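Per chain, numbering begins at 1; letters A, B, ... match sequence-line order. Everything numeric in this text was worked out from a predicted model, so none of it was measured.
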Amino acid sequence: MSPHTTVDLVDTLVILIYLGAIGYLGWLGWKGTRTASDFLLAGRGAHPVVMAISYGATFISTSAIVGFGGVAGMFGMSLLWLTFLNIAVGIFVAFVVLGEPTRRIGHHLGAHTFPELLGLRYQSKGIQVFAGALLFLFMPLYIAAVMTGGAVFAASQFGIDFEVALLIFSLLTAAYVIPGGLKAVMYTDTLQGVIMIFGMAFLLWFTYDSLGGVGDAHRALTDMADLVPKPLADIGHRGWTAMPAFGWGAKSYDLWWTVVTSIMIGVGIGVLAQPQLIVRFMTVRSRRELDRAVPAGALFILLMVGTPYVVGSLSNVWFARNGPLLSGRVVQTLDAGRGHALVELVRENDAGRWQAVLDGKTGKPVKAPLVVSARQPAVDADGHPFERVSGRSIALVYGKGQADQIMPAYITSALPHWFGLLFFLTLLSAAMSTLSSQFHTLGTAAGRDLWEQLTGKPGGSQPSLKVIRLAILAGLLVSVALAYTVRDEYVIARFTAIFFGLCAATFMPAYIGGLFSRRITRAGAVASMVVGLAASLFWLLFMKAKEAGALGLVKWLTGGHSSLVEDLPNWPVVDAIVVALPLSILTAILVSAVTRPPDAAHLARCFPERRA
Amino acid sequence: MLGIDDPMIWLAYVACLVATALCVAYGLVRRNRAGDELTQEDRAWAVVDRQVEDEL
C-alpha cells in the first residue's frame, strides 16, 4: 500500500541525530540542574511552559496517537469527548484541584513515590507495598500499549515486520531507560514535546487542507454514514460524525457503552489516578507555577489528542477519495446516487480471472463498503461473467480490519515521506517521554516501595539498586511479550484503558480522599483499594467479554462462554470502572464512617494549614 | 454546524475549544494571584528527591 516503505540513509541519519540530541540532553541531566528537583534546589521553578509540556509529553504517548487515533478512525468523532475530558479533567482538575494539595502533602510527609504518598498519608507500610506491587504487576500492560503503538507505526513506515519493529523499539527503549532516561530530565521531555507539537500541527493542517477545509471535510465524513460496516452498524455505529445509538437492553447499544465507559470514563477520569503523573505535582515549586502551567498544558493536550481523533476519523474521507483502488462484486447497493455499495472484494489471479479475497480467520469472502468509481465486465474463477466494480473504501479496510493500523496506514499513504519520518520522531518522542516515566514508576515501585519496605534495607544500597534494575528488565520483557502475543483489533487502546481503569478504581478514593478529608481512615483506604482492585479484576476475568474471553478463565469455568452475563444485553461491554469505582468510593466512605478517625497529631502533620 | 449534523459531536468539538480557551483565561487571570514561596520544607524535600533520582 505504501509507496515508500524503506529505511534510506537520510532516515537513518535523522533518527541518529534525534537520538544523539536526546542522549546529550540526558547526559546534561546527569551533570547539572535539569530535573524538577534540581530547579527547586536552585531556588526557582522550571518555566511553567516547560513544566506543562513535560507533563503533557508524559501523559500523551503512542497509545493516544496511534491507538486511540485508530479507534477514532473506526468509531468516529465521538472520541472528541475524551479530548474534552483530557483537557477539563486531565489538565484543569488535575492542576487546579489536585496539584497543590498533592504537592503540599507530599512535601509535608516527605513522599517521593505515589505508593509512598499513600503509605505515609495513612501511616501504613502495607498500603505502600500493596500499591507498589499493583504498579509493578500491571504497569507492563500500559508499557506494552505504548510500545505496540510505536512498533506498529515503524513497521508500516519502514516496511518491516511488526516483530522486527518491536524488537528494535524494545532495544531503543532499553538503551534509553537503562543508562539514564529514567531521570526525569525536563529539557529532554520538552524537546520531545516540541517535536510532538510540530508533528501534530502539520498532520492536522495537512488533513484539513487536503480535504477542502474544516466544514467540507466534516461534511464529506457525515455523508459517508452509509458506508459503516454492518458489524459496527449492528452495535450502534451511526456514522463517524454521530454519537453511537444510546439505550439499554439491546445489542444495538453496545458501541455507546464501549465508547463511553471504556474509552471516555476509563481514560478521561482514570487519568486522575495515574501515579507517574501524580508524582509530577510534588516536583512543582508552587501553586502559582501550577496556575501558570494550565494554559500551555491545555493547548498541548488539545493538539496532541484532538488531532489524532479528528485525523483518525477524517482518514476515512481521504481513503474513500484517494486510497488504493480495490475491486469487488456488488452484494448490496447502499446509495446509488453516490455510488456507495457493499461488495465482496476480488483480486485477479494468474489466469487473469477474478477470485474472491478470503478472510484469513473465517475463510469467508471479505466484504467491504466501496465508493464505486468504475464498472467493468469480468470473469470469475469459475469462468462465470460478472460486473467488476472498482473504487475506494474506508480506513478500517486499508487498516486490514485493525484499528491500530489505521493511523500508520494513513500517514504512510497520504503524507509525504519526510513527514512519515517526522511523525516517527513524534511517536518516538511521545513513546520515550511516557516510557521513561512508566519505567521510573515501575522501578521505584519495585525498589523503594516493595524491596525497601519489605526488607528494611536502605535506599541506594546495592541490593536495592539490583532489585530496581531487575524489575525494569523484567517489566521490559513482560511488556514486549505482551505486545508480541496480543495483536488483535484495538489492543493499544484496550490495554491503556484497562490500566487506567485499574488505577482509578484502586487508588482514586484513597488518593483524593487522603488529600481533602481528615475523616478517611486507614481501614477505609485499605478496604477501598482492595474492593476497587478485586471488583476490577473480577469484571475483567468474568464479565467483560473481550478481556474475559481472551484471558480464558471464564470459558474454562462455563464451558465456552466469554462472559458470565453473555446472554444479557450490554453488560458484557460495560467497563469495569463503572462498577468498581463506585464500589471503591462507597467502601471508603462506609468503612471510614465506622472506624476510628486518624490521630490528631498525624492529621496536623498532613494538614498543618488547617490547624487554625 | 461545522459540517456535523449530530449536536452531541459538534458540541464535543466546540467544548474542546472552549475548555482550552477557559484554561488559557484561567492561567492569565491567576498568573500572579497564588503564593510562590519556597519553604525550607520544600528545599528539604527536593534534596531527598534528588538523591532518590540519582539512585535510579
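Judged by distance alone, the side chain of A/Trp81 and the main-chain N or O of B/Ile9 form no donor-acceptor pair under 3.5 Å. Side chain of A/Arg287 to backbone of B/Gly35: no donor-acceptor contact under 3.5 angstrom is found.
For B/Leu11, the parts lying under 4.5 angstrom from a heavy atom of chain A are both the backbone and the side chain. Within the 4.5 angstrom heavy-atom criterion, only side-chain atoms of A/Val310, from C-beta onward, approach chain B.
Per-residue counts of heavy-atom pairs under 4.5 Å with chain B were compared for A/Arg288, A/Arg219, A/His108, A/Met243; the largest is that of A/Arg288. Counting heavy-atom pairs under 4.5 Å between each of A/Val96, A/Leu85, A/Leu290, A/Asp216 and chain B puts A/Val96 at the top. Ranked by heavy-atom pairs shorter than 4.5 Å toward chain B, the options A/Thr83, A/Ile301, A/Ile87 are led by A/Ile87. Of all the listed residues (B/Pro7, B/Ala21, B/Ala15, B/Ala25), the one sharing the greatest number of non-hydrogen pairs under 4.5 Å with chain A is B/Ala15. Between chain B and the residues A/Ala111, A/Pro295, A/Ser78, the most heavy-atom pairs under 4.5 angstrom are made by A/Pro295. Ranked by heavy-atom pairs under 4.5 Å with chain B, the list A/Thr222, A/Leu302, A/Asp291 is led by A/Asp291.
Residues B/Ile4 and A/Met77 are in side-chain contact: their nearest non-hydrogen atoms beyond the backbone lie under 4.5 Å apart. Side chains of B/Asp5 and A/Thr241 form no contact here, defined as non-hydrogen atoms less than 4.5 Å apart. Residues A/His112 and B/Trp45 are in side-chain contact: their nearest non-hydrogen atoms beyond the backbone lie under 4.5 Å apart. Side chains of B/Arg30 and A/Val294 form no contact here, defined as non-hydrogen atoms less than 4.5 Å apart. Contact annotation: the side chain of B/Asp6 approaches that of A/Arg238 to within less than 4.5 Å [non-hydrogen atoms, C-beta and beyond].
For A/Arg285 and B/Asp36, the salt-bridge test passes: some basic side-chain N is under 4.0 Å from an acidic carboxylate O.
Between A/Leu303 atom CG and B/Cys16 atom SG the span is 12.0 Å, to the nearest 0.5 Å. Taking CZ from B/Arg50 and OG1 from A/Thr283, the interatomic distance works out to 14.0 Å, rounded to the nearest 0.5 Å.
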* To do: Starting from the C-alpha separation in whole Å, work towards a yes-or-no answer on side chain to side chain contact (heavy atoms under 4.5 Å, CB included) for A/His218 and B/Tyr13.
  => CA-CA 11 Å; A/His218 293 167; B/Tyr13 199 97; 3.5 Å; yes
